[in-house]
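The block underneath contains the structure these notes are about, expressed in structure tokens.
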Amino acid sequence: MASSTTGSLRRYLVTRLLLVIPMVFILLTIVFILMRVAPGDPIQASVGAHLSPAQLAVREHQAGFDKPLLVQYFNYLGQVFTGNFGTAITDHQPVTQVITRNGGATLELTLAAMLVAVLVGIPLGLLAGRMRDTWIDVSSRLFGIVIYAAPVFFLGLLAQELFGRKLGWLPTSSQASVLTQLDIKPHTHLLILDAVIDGKWGALPDLLKHLVLPAAVLGLTISGVVIRLVRVNVIQTLRGDYIEAARARGIGERGVVVRHALRNALVPIVTITGLQAALLMSGAVLTEQTFNWPGIGNRLVFYLEARDYTAVQGIVTAFTLAVVVISLLIDVINAWIDPRVRY
Amino acid sequence: MRKVGLGAVGVAMVIGAAACGSSSSGGAASPGGGSTNPKATVVLGTTDTIVSADPAGSYDLPSWTLQYNVYQTLLQVPPGTSDIAASAANCDFKGKTTYVCNLVPGQAFSNGDPVTADDVVFSFNRVIAINSPNGPASLFAPMKSVTASGNTVTFTLKAPDATWPDVLTTAAASIVDQKVFPAKKLLADDKVVGSGPYQLSSYTPNQLAEFTPNPHYGGSAKLNNSKFVVKYEQDASTLVSDAQSGQVDIAYRTLSPTQLSALESSNGLSLAKGAGIEIRYLVFNQKLQPGDTAAQKLAIRKAAAQVIDRASIASSAYRDTVTPLYSIIPQGLNGATEALKTEYGAAPDVTKAKAALEAAGVTTPVPLTLWYNVNHYNDADLATELMRQLNASGLFKVKLQTAEWATYDKAALTDTYGAFLFGWFPDYPDADDYTGPFFPCKTAFLNDHYCNPKVDQLISAEQASTSESERNQIFAQMQTLLAQDVPLIPIWQGGQVAAVRDGVTGVEDTLDPAYDFRFWLVGKS
């Protein structure tokens with residue numbers, strides 16, 4: 001029985017891993033085609049304004065953009081599979097460095113946002129589920145819907161206006177003030193972690209102040225999903241026989257909800273929250289733009305405007321791989337927890 | 001041919017602060033009566049984007065701004081002038097196609113290596129050898145060869161070229177250390193070494209650049225600060241916010257007139273203004289523009305030139321941060337005239353425009369699709385005002401179309417738009433930079449199908465002449481011809497403006513048509 005289950009899980013994992021290959025391949029192809037279909041090209045956008053057509057042609061030849069599309073495509077795939085994303089055309093930055101450096105800032109933001117989402121979403125969802133159809137439930141649901149529906153940039157602008165400009169409590173842009181940033185040596189590119197590594201404790205207040213608004217805005221947006229998920233799962237769990245049994249055993253209502261209902265409800269919540277990674281990344285692009293956060297999404301927008309094929313392809317590939325890996329992990333955890341999940 | 005970076009939208013700005021302080025270190029006098037603190041750190045915010053810190057890899061103002069402060073060039077444009085003076089060398093023509101430079105002794109790179117004539121030769125050959133897609137190799141097209149002998153560098157030109165000394169003032173001609181820079185490829189930004197007044201101490205691309213004094217600097221610049229930091233902002237609204245909150249001492253490029261007004265009214269900030277020679281103009285593609293015959297097309301261009309009210313554009317669309325432009329060569333440069341004012345008058349004249357159209361048999365209103373761009377030039381207000389003026393004349397029926405820069409740039413220069421707005425930012429402050437790239441029949445970058453052999457001849461003549469008076473006469477003739485042919489209609493000349501925090505000195509000293517932001521002139525009282 002046990003070996004049969006293990007075999008089934010192994011087969012599932014192998015199948016799931018094999019599916020990643022066409023998924024990544026299709027995504028890479030779509031990115032390549034979309035970039036070529038979009039009007040304009042990187043050389044023209046970068047230096048074309050004042051060069052004669054002949055000079056432009058020379059430069060496009062040097063960059064290899066006059067080669068047949070298939071040749072460019074296979075060159076691109078070759079680069080991706082060797083882990084070499086090339087060098088950005090617009091600013092000569094190695095794309096791997098861009099991903100590492102700016103990805104660190106994005107990771108810092110998304111982790112903090114996820115923390116906010118969990119800290120806000122779980123208690124509110126729990127309360128709403130426990131106090132179903134009361135004003136607390138209605139308010140929480142309403143909050144969840146409104147906050148999820150509100151565009152991140154709109155929330156960001158409101159937060160900047162209120163907490164930055166009107167009240168003057170928090171900075172509205174950047175990852176740190178200029179002098180703080182100069183003082184921190186980048187190791188992981190998560191500035192807070194870098195400051196801790198170097199023991200620059202004095203920098204932490206500044207770094208945290210800069211993180212509060214973007215993390216809160218992005219985290220609150222995601223919390224809308226968490227609230228609804230927790231609420232639904234807590235309601236379902238509270239209907240379970242074992243909850244009745246717990247109550248019958250004289251366990252207090254608080255203990256029933258927190259120790260029994262929430263714990264069981266958390267399994268699907270964790271799974272689905274993990275799947276929010278893609279949403280979090282797309283939200284991070286907008287949040288980074290709003291708060292001038294030097295993350296990978298911010299750079300992606302810049303390179304897209306410049307039609308920088310190399311950089312965009314590299315960054316989107318990194319995004320793709322991140323989402324695919326997270327999805328894969330979630331699926332694996334899911335399959336591990338729930339034996340019904342099999343191919 | 002220098003371009004402003006993608007982030008460079010809106011009017012050009014020169015910073016002019018309240019300071020006329022001397023450049024002496026160690027407590028130079030400031031105009032406010034205080035003295036500059038030589039240990040001050042100055043933070044400048046900008047929406048600029050660096051393409052490369054390596055001179056071989058960039059041909060844009062933001063990168064050149066960095067390079068002007070890290071590297072030396074053989075020649076320079078001293079602050080407040082458009083003259084050419086010695087920097088790392090004394091140079092002069094020895095014959096029509098031979099230009100000789102003798103290095104000033106005692107120059108050294110920030111790593112301690114001495115600057116040699118071989119370094120200079122290496123630097124020029126390297127730019128050409130690398131020929132980066134974003135690089136300035138095309139600026140060296142007039143050069144046939146460069147050789148070193150002892151302390152002397154000799155440039156041999158393909159043909160007489162009076163603008164060669166101007167080229168040597170640009171960051172393209174920065175001297176690099178041949179022991180550090182590879183000959184055939186670009187060097188990483190954080191590894192660059194120069195012999196300029198500063199060294200690039202740390203650099204986080206698109207975020208921060210930190211400049212500290214070059215300990216081996218042997219030039220004449222005296223530093224008014226001990227550290228200069230540039231913060232690269234994502235957009236102008238962030239720049240405004242940072243200037244207001246004191247995160248940056250100077251907000252330099254690129255801010256809209258509305259944002260400048262907001263900063264001017266903010267506590268602790270004032271606007272610094274200076275002369276600029278960025279221009280904006282309306283181009284007619286003579287193959288695609290309205291009109292059945294060449295005569296009709298000319299009449300249509302002349303009518304447009306006749307009814308455009310530049311003063312109204314400057315005040316309504318730009319809050320007078322720009323000035324009306326009546327020639328392709330902006331005022332302030334040697335040889336500039338106001339030929340279009342002479343030809344068409346300063347004020348619009350609809351009657352004359354109508355007569356010109358009628359004489360050519362053009363049916364009015366002339367349908368005209370005017371293309372403009374907002375994410376590079378921020379020309380929405382200009383285009384709207386132009387449409388209003390042209391339509392108000394009753395002679396045109398203008399329709400506006402816009403495209404983002406990546407599309408716009410290519411389409412405009414490849415026979416797609418009949419009429420479009422374009423801008424120009426100088427490589428160096430010389431009138432040739434406003435004619436040579438634009439009007440030669442075979443090499444004009446605008447690809448607008450304008451060709452006047454007489455203008456061609458005049459361009460060749462001014463490039464071959466080293467006599468200022470002779471060149472001025474030639475430019476005057478050329479501008480008259482161009483006013484008559486109106487291949488393009490000059491609209492405005494941009495001044496430079498920036499917001500400067502109280503106590504920051506020396507900014508206005510560097511705001512001149514050379515567009516060389518000299519960090520060392522800026523201090524804090």
Side-chain angles (χ1 to χ4, degrees), chain A residues 38-56 58-63 65 87-94 97-98 101-102 105 160 164-165 168 171-175 177-179 181-182 185-186 189 288-289 291-294 298-299 301-302 304-307, chain B residues 1-3 6-7 41 43 49-52 54 57-60 131-135 138 186 188-189 202 204-208 210 227 229 231 233-235 238 241-242 244-245 247-248 375-376 403-414 422-425 427 437 442-445 447:
Chain A
D41 68 61
I43 304 296
Q44 186 90 32
S46 178
V47 294
H50 304 134
L51 294 182
S52 67
Q55 287 171 316
L56 268 177
V58 169
R59 289 171 185 227
E60 285 178 1
H61 173 71
Q62 286 166 345
F65 295 140
T87 302
I89 300 154
T90 41
D91 59 6
H92 300 295
Q93 297 298 314
Q97 277 185 25
V98 174
R101 184 176 53 241
N102 298 86
Q160 282 177 324
R165 296 190 186 101
T172 56
S173 69
S174 305
Q175 204 178 359
S177 61
V178 172
L179 297 181
Q181 195 167 345
L182 285 176
K185 196 175 174 186
H189 299 283
E288 286 167 9
Q289 282 283 299
F291 289 96
N292 192 25
W293 190 266
N298 212 334
R299 295 314 294 161
V301 172
F302 169 80
L304 270 170
E305 284 183 354
R307 298 289 188 278
Chain B
M1 308 229 293
R2 175 163 89 193
K3 78 176 185 65
L6 277 177
T41 294
V43 182
T49 301
I50 299 296
V51 173
S52 176
D54 184 330
S58 57
Y59 191 3
D60 57 280
N131 197 14
S132 164
N134 317 59
S138 58
L186 298 177
D189 289 341
S202 68
T204 308
N206 307 299
Q207 293 182 47
L208 287 176
E210 180 187 21
K227 187 186 284 184
V229 180
K231 184 178 185 201
E233 308 274 19
Q234 172 192 290
D235 53 40
T238 311
S241 171
D242 277 358
Q244 287 171 328
S245 66
Q247 278 283 304
V248 299
N375 69 332
H376 186 77
E404 66 165 331
W405 180 244
T407 308
Y408 183 84
D409 184 28
K410 187 163 193 170
L413 303 180
T414 51
F422 237 60
W424 184 255
F425 216 79
D427 300 307
K442 288 183 180 170
T443 58
F445 82 92
N447 193 32

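Naming convention: chains lettered A, B, ... in sequence-line order (proteins, then strands); numbering from 1 in each chain.
Contact of A:Ser174 with chain B is made through the side chain alone, with heavy-atom distances under 4.5 Å. With a 4.5 Å cut-off on non-hydrogen atoms, A:Thr172 touches chain B through its side chain but not through its backbone. With a 4.5 Å cut-off on non-hydrogen atoms, B:Glu404 touches chain A through its side chain but not through its backbone. Looking at B:Ile50, only its backbone comes within 4.5 Å of chain A, counting heavy atoms on both sides.
Contacts with chain B were tallied for A:Gln160, A:Arg165, A:Arg299; A:Arg299 has the most, counting heavy-atom pairs under 4.5 Å.
The closest side-chain heavy-atom distance from A:Leu182 to B:Val229 is below 4.5 Å. In this structure the side chain of B:Leu208 reaches within 4.5 angstrom of the side chain of A:Val178, judged on heavy atoms.
Residues passing the side-chain hydrogen bond (donor to acceptor under 3.5 Å, both in side chains) test with A:Asn298 are A:Gln289, B:Gln234, sequence neighbours excluded. In this structure, the side-chain hydrogen bond (donor to acceptor under 3.5 Å, both in side chains) partners of B:Asp242, at least two apart in sequence or on a different chain, are A:Ser173, B:Lys231.
For the 3.5 Å distance criterion, the side chains of B:Asn206 and A:Gln93 fail to qualify, holding no donor opposite an acceptor.
Between the side chain of A:Asp91 and the main chain of B:Pro205, no donor-acceptor pair closer than 3.5 Å is present. Side chain of A:His92 to main chain of B:Gly57: a donor-acceptor pair is present (N/O by atom type, distance under 3.5 Å, no hydrogens or angles).
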